[in-house]
Amino acid sequence: MFRWRKSADDEWSCTLHGRILSFRQDASHLHYRAVFPSALPTPPPSNAPSTHPSIAAEEDDTLALVRHYFNLEPNLAQLYEQWAAADANFKKKAPNFTGVRILRQDPWEALIGFICSSNNNISRISSMVHNLCKHYGPLIGHLNDEAYHDFPTPAALADPEVEAHLIKLGFGYRAKYIAKTARMVAEEKGLTWLNNLCNPESPIFGREPIPAGAFSEGGREGYQNAHQELLALHGVGPKVADCVCLMGLGWSESVPVDTHVWQIAQRDYKFGRGKHSSLTPATYNAVASHFRKLWGKEAGWAHSVLFTADLKAFSERVTAKVEVKEESVVIKAEPDGMQVEEILVKTETAKRKRVKKEDEEERPIVEVKTEVVTRSKRRKGR
DNA sequence: GCCGGACCTAACTG
DNA sequence: ACAGTTAGGTCCG
């Protein structure tokens, strides 16, 4: 999710499953197009007569991929109602705060991305992930003269010289985390090990859903197991493990407790005193379990909504404080579909710019709930 | 199990 | 100009 970039006015692009996906949103629809690599590495030699072989509509899985990736199935309104009914603070802090969905990202990419995220800021995380793709990921194609690479495989990052190179690229101490974790996954545990930690209800793209176990305050058994297993990797603590569980493995009850959530827990949920005065592993579990008990099986989703709402409120307080006289333009809603981190970057940079440079003309602000996906446009060749 | 400190980096703060 | 702080933590002793 740290890889999405603005490819044009009002258009965002990223590689996904071997193709470049671009999105544009208007008042009623989310438009997408997919650009496939002109020369696939393994083209079936049997049917390669045409220089511009178009993919038959039946064979194009892009729409299914998009639906899967953006996790569009769950009923947002119903869930918001449920969370608001169970939690007065949620009701107060996150009303009408639509447009936050939990992406179903590739487990391996999520793992490395969140290892990069530790004690770090989003713009640097993005550039780090971008550098991983640029130097170790296969080239998929170009868009507006910009190269688009896929995320590197575990084997590509397991190369012995990776760590030194990443340090040169400014990864800091995370270079070692990435190199070690890549070696463990590539040479020891295997990528299937990681993928098999997925919630069977929302498996990696292309596989059939299978019911998962029963929900409890500590989370389903599969979730607890996945969280536990991930902790064995270097650079993966409880928070990163939960991020991977939630956004890479589809365990919706996972509640990542970072410093910000910890602040919220102390301020609004009576944590931070007595036995839970500091964020120890025990406190971490208590906080996460408390939110699971409160919000239920989709606790991780509710957590992201509350988190985003809170950060936005904070951001607006800051803006109001710095820029007292200008209050005409207010960001009203986030574009749907983007993952939380992505949203936060955009709002914050937008606000910063406005405050500092009086930069007008930011991204158009749309109040939409996009549930409809239409207009498949496909391109082939170059 | 719980604490305190170190840890890469870049942008921001006083 | 420049030390201190912060950013969606983790590891080590």
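Chain letters run A, B, ... following the sequence lines, proteins first and then strands; every chain starts at 1.
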Distance between P atoms of B/dA6 and C/dT5 (Å, rounded): 13 Å
First encountered from the 5' end of DNA chain C, between A/G235 and A/H260: A/H260
Candidates C/dG8, C/dC11, B/dC2 - which lies nearest the side chain of A/Y177: C/dC11
Options C/dG9, C/dG8, B/dC2, nucleotide nearest the side-chain atoms of A/H303: C/dG8
Candidate nucleotides B/dC8, B/dC2, C/dT10, ranked by approach to the side chain of A/S118 - the nearest: C/dT10
Nucleotide of B/dC8, B/dC2, C/dG8 approaching A/I122 most closely (side-chain heavy atoms): C/dG8
A/H149, A/E109, A/H130 screened by side chain to side chain contact (heavy atoms under 4.5 Å, CB included) with A/R3, the one that passes: A/E109
Sugar-phosphate, base or nothing in reach of A/V261, heavy atoms under 4.0 Å: nothing
Distance, P atom - from B/dC3 to C/dG8, rounded to whole angstrom: 25 Å
Which nucleotide in C/dT10, B/dC2, C/dG8 has an atom nearest any side-chain atom of A/P281: B/dC2
Sugar-phosphate, base or nothing in reach of A/L233, heavy atoms under 4.0 Å: sugar-phosphate
Short side-chain N/O contact from A/S278 to OP1 or OP2 of B/dC3, under 4.0 Å: yes
Side-chain donor/acceptor of A/R124 to base of B/dC8, under 3.5 Å: yes
Spacing of the C1' atoms in C/dT10 and B/dA11 (rounded, Å): 22 Å
Side chains of A/E229 and A/W193, donor plus acceptor under 3.5 Å: yes
First of A/S117 and A/H234 reached from the 5' end of DNA chain C, by closest nucleotide: A/S117
Heavy-atom closest contact (A/R292 atom, A/S254 atom, distance): NH1-CA, 4.2 Å
Electrostatic pair A/K6-A/E11, nearest N-O below 4.0 angstrom: no
C/dG9 base / A/Y284 side chain donor-acceptor hit below 3.5 Å: no
Sugar-phosphate only, base, or nothing, as touched by A/A175 at under 4.0 Å among non-hydrogen atoms: nothing
Inter-nucleotide C1' distance (C/dC11, B/dC2), Å rounded: 15 Å
Side chain of A/N121 - closest among C/dG8, B/dC7, B/dC2: C/dG8
Nearest to side-chain heavy atoms of A/F307, which nucleotide of B/dT9, C/dG8, C/dC11: C/dG8
Sugar-phosphate only, base, or nothing, as touched by A/G237 at under 4.0 Å among non-hydrogen atoms: sugar-phosphate
Any strand: nucleotide that pairs with C/dG4 via Watson-Crick or wobble, under 3.5 Å: B/dC12
Options C/dT10, B/dC8, C/dG8, nucleotide nearest the side-chain atoms of A/C243: C/dG8
Geometric class of the A/F271/A/H276 ring pair [parallel <30°, tilted 30-60°, perpendicular >60°]: tilted
Sole residue of A/H17, A/H68, A/R19 in side chain to side chain donor-acceptor pair (under 3.5 Å) with A/D61: A/R19
